[in-house]
Amino acid sequence: MEYTFLDIEQLQFPEAKTILKKRGITKLNPPQTEAIRKGLLDGKRLVIASPTASGKTLIAELGAISHLKKEGGKVIYVTPLRALTTEKYSTFKEWEPLGFRVGMTSGEYDSEDNYLKNYDIIVTTYEKLDSLWRHRPGWLEEVNYFILDELHYLNDPSRGPVVESVAVRAKRRGLLALSATISNYQEISRWLHAEYVSTSWRPVKLVEGVMYPSGKSYLVTFKDGTTKRVKGDDPIEAYTLDSISRGGQVLVFRNSRRYAEGTAKSLSGKFKETQELLELSKEIEEVEDAGATERENLSLLVRRGVAYHHAGLSRGLREIIERGFKERKIKVIVATPTLAAGVNLPARTVIVGDVFRYNRKVTGFREEIPVMEYKQMSGRAGRPGFDSEGESIIVLRDKRNFEKIFEKYLTSDVEPIESKLGAENAFYSFLLGTLSADGEMTRNALRTYVEETLLSDEMIDSHFDKGVEWLKDHEFIIEEDTVKLTQFGKKVADIYVNPFTAVTVKDSLKGKAPSCDLAYLHMLAYTPDAPIVGTSNMDESLLYDVDCKMFIDEPFDELEMSLYLSAMKIAFIIHDWIEEVDEDTILSRYGIGSGDLRNMVESMDWLTYSGYMIAQVMKEETHEESLRRLNTRVKDGVKEELVELVQIPGIGRKRARQLWNEDIRSLADVVMEPEKVKRILGEKLGERTVHEAARILGKGNHGEERGYDYIP
DNA sequence: TTAAGCGAAGTATAGACAGCATGTC
DNA sequence: CTATACTTCGCTTAA
């Protein structure tokens with residue numbers, strides 16, 4: 001295939017040239033060139049399907065800027081991950097010298113000054129945009145160009161439905177969709193009323209192979225049929241050492257945390273400590289947001305140039321490891337799929353340690369990972385500017401499936417993108433969201449809306465009326481001439497919980513006596529919006545110590561029981577957390593990492609708030625009060641008496657407790673006794689604390705001015 | 001009698017998004 | 001819809 005590179009001197013876009021030159025770009029790569037040829041700069045609606053790291057972001061930048069210049073209005077850039085939102089936000093910031101203002105919003109972070117109506121380009125996540133639409137801020141009407149990044153997430157069973165519902169709305173206006181390589185890009189672009197660009201061009205050549213044990217060594221068969229032998233005890237170790245001896249860096253993917261840690265540990269035995277690495281490992285030992293055990297484990301590995309990486313790690317630890325790898329100090333990272341999506345972290349060699357995965361929803365069931373997921377991993381191979389080629393090796397434990405695996409991952413098309421809106425909870429949520437965003441409408445109009453999704457006609461036939469009736473039965477909507485949301489339905493749409501979560505909460509609380517904190521936490525952790533955790537290392541005797549009435553009865557079904565236990569484990573953890581149990585104690589008691597704790601706290605913070613709002617709309621006042629109080633404690637992990645003190649920036653559960661124990665018990669106490677506060681917290685921190693406390697007291701009720709201007 | 005050795009049987013398995021403010025002149 | 005690594009269990013054998 002012949003590839004064309006457009007010289008930027010030929011670009012009819014003077015402002016862009018300056019910015020591109022500053023980045024050292026003189027030529028546009030083939031997908032970029034092709035996008036421009038298909039009318040990117042003339043506002044044509046496009047779907048770009050091309051491999052990881054093939055320069056799609058630049059296509060988005062050019063599309064956004066030329067759109068703003070010609071049409072005005074606003075541009076929204078949507079990503080599936082908060083980390084990507086942050087990354088793209090900084091990329092777009094580089095265009096601010098041209099006079100465009102760039103803002104960002106996600107559940108985690110909002111741009112400040114004057115909120116979003118004053119920005120030209122807004123970077124956000126799919127969920128946040130979906131939620132914004134339900135609230136109908138006036139400025140959203142001004143958005144006339146949507147950039148949908150990582151559109152292939154549409155295929156993800158849990159997150160895909162939101163991507164699809166955002167796409168349905170976005171396709172009525174200007175649109176640019178970016179996706180990894182997909183097989184049915186023609187169908188997708190037809191659905192989005194767009195032209196397509198599909199290439200397999202990569203900035204660095206990729207060599208792919210499959211490896212299996214053969215005699216006393218391992219045989220790698222590459223895609224072009226050539227072979228290579230490597231020696232060693234373990235196949236992953238053997239290939240890793242081979243690559244490093246050739247000057248490479250290696251990214252190993254494994255399908256469980258335990259394997260990732262185990263492989264990292266055994267690899268570390270092969271390397272020596274260096275001065276540079278000792279500094280990095282020292283940084284790890286001193287990182288603030290991680291538990292003692294995990295810091296110690298990781299620092300022992302990092303001083304030998306090896307690290308593991310998974311979602312149990314705290315953010316701080318993950319950042320140090322990623323940086324250490326980018327700076328080429330760390331030679332090998334052994335990771336779970338966290339690193340396959342998300343922020344770009346390329347390596348010369350990618351080793352795919354397992355091509356199967358366990359399905360939590362079907363106990364004991366292993367399945368081969370989708371080709372798409374393999375491509376996400378292998379796409380990390382080869383660093384532009386450093387490696388002349390990248391290599392990606394699949395490891396098999398025996399020869400049996402070699403031909404099948406070789407054929408599936410190396411020579412076949414990726415799976416087509418298909419609608420995942422057919423699942424009950426996704427579909428009902430979609431109907432609810434539509435009624436919230438577009439207001440009441442006839443049943444027929446609602447159906448017309450559903451017909452704009454990727455769902456097949458047969459699916460719509462079998463799901464639509466059932467869905468409407470379900471929402472009616474559970475009091476989310478009422479239907480007269482039109483279908484419209486009840487107060488309860490609107491509230492559920494606004495707080496953005498799944499309708500099944502709302503039903504669980506409603507059925508649990510309605511007319512029931514109040515119960516203990518643990519019971520509320522367990523009920524919320526049992527909803528589909530809560531994470532699912534493994535319960536293997538949980539001390540089940542804890543279950544028998546519970547002396548208050550649970551809202552949820554113990555189920556009989558095996559799968560339900562594992563969800564029940566998962567909820568129980570989360571409830572115990574969060575209960576310890578709000579009873580101020582020491583963090584390291586929690587981590588070792590439940591066998592979790594600091595990243596896990598952070599995730600659970602984040603989820604339960606949101607869910608306790610949601611429970612509080614649902615109780616409020618149900619007018620269940622006792623439950624409402626219990627949940628409100630619970631919510632104030634979950635975010636910061638404190639008993640109720642410390643809630644006031646942890647409002648102060650820089651004061652968390654530990655410092656607040658220190659102050660309390662010395663009789664500093666309120667914001668007023670902090671301001672009245674500055675000397676004592678400085679003695680307890682130290683000069684510098686004490687000063688800041690007093691200052692912040694005074695600011696909070698002074699601020700009173702009038703907060704910053706920001707807000708939506710509602711469509712009447 | 002106890003410890004060690006060994007094979008059979010049992011056990012567990014990735015990740016990460018969402019609210020909060022929100023009528024006034 | 002079934003692989004792997006690791007742990008635990010239970011038996012046999014050696015000291």
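Chain identifiers are assigned alphabetically (A, B, ...) following the order of the sequence lines, protein sequences preceding nucleic acid strands; residue numbering begins at 1 within each chain.
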Is there a donor on the side chain of A:Y358 or the base of C:dA3 sitting less than 3.5 Å from an acceptor on the other? yes

Any donor-acceptor pair under 3.5 Å between the side chain of A:R357 and the base of B:dA14? yes

Measure from [atom1] on [X] to [atom2] on [N] and round the result to the nearest Å.
X      : N      : atom1 : atom2 : value
A:Y153 : B:dC17 : OH    : P     : 9 Å
A:D156 : B:dG15 : CG    : C1'   : 9 Å
A:N401 : C:dT2  : CG    : P     : 11 Å
A:L132 : B:dA21 : CG    : C1'   : 13 Å
A:D354 : C:dT4  : CG    : C1'   : 9 Å
A:M377 : B:dA14 : CE    : P     : 14 Å
A:Y109 : B:dA21 : OH    : C1'   : 16 Å
A:M613 : B:dA18 : CE    : C1'   : 14 Å

Contacts under 3.5 Å, N or O only, protein and nucleotides 5-7 of chain C:
from, atom 1, to, atom 2, distance (Å)
C:dA5, O4', A:Y259, OH, 3.4

Just by distance, with hydrogens left out, do [X] and [Y] show a side-chain donor and acceptor under 3.5 Å apart?
X      : Y      : value
A:N498 : A:S429 : no
A:S392 : A:Y374 : yes
A:S436 : A:K490 : yes

Within-4.5 Å side-chain heavy-atom neighbours: [X] and [Y]:
X      : Y      : value
A:L563 : A:I532 : yes
A:L396 : A:I394 : yes
A:H135 : A:D494 : yes
A:E368 : A:I405 : yes

Let's see if you get this right: which residues in residues 593-609 of chain A place a heavy atom under 4.0 Å from DNA chain B? A:N599, A:S603, A:D605, A:W606, A:Y609

Would you indicate, yes or no, if [N] has its OP1 or OP2 atom less than 4.0 angstrom from a side-chain nitrogen or oxygen of [X]?
X      : N      : value
A:S106 : B:dC17 : no
A:R257 : B:dG15 : yes
A:T336 : B:dG15 : yes
A:S158 : B:dG15 : no

For [N], give the paired nucleotide (Watson-Crick: N1-N3 plus N6-O4 or O6-N4; G-U: N1-O2 and O6-N3; both under 3.5 Å), or none.
N      : result
C:dA5  : B:dT11
C:dG10 : B:dC6
B:dT1  : C:dA15
B:dA18 : none

If the C1' atom of B:dT11 is compared with that of C:dT2, how far apart are they to the nearest Å? 14 Å

Sticking with atom P, work out how far C:dA5 lies from B:dA14, rounded to a whole angstrom. 16 Å

When rounded to the nearest 0.5 angstrom, what is the spacing between OG1 in A:T501 and CE in A:M523? 10.5 Å

Categorize A:S131 for me: base, sugar-phosphate, or nothing, with a 4.0 angstrom heavy-atom threshold over every strand shown. sugar-phosphate

Taking the six-membered ring for Trp and the full ring for Phe, Tyr or His, determine whether the centres of [X] and [Y] are under 6.0 Å apart.
X      : Y      : result
A:H623 : A:Y520 : yes
A:F488 : A:F476 : yes
A:Y564 : A:H522 : yes

Among [options], the nucleotide that comes nearest once only the side chain of [X] is considered:
X      : options                : result
A:K635 : B:dT13, B:dC20, B:dA21 : B:dC20
A:K128 : B:dA16, B:dG19, B:dA14 : B:dG19
A:E373 : B:dA14, B:dG19, B:dA16 : B:dA14

Return the 5'-most residue of the pair A:D494, A:H309 with respect to DNA chain B, ranking by each residue's nearest nucleotide. A:H309

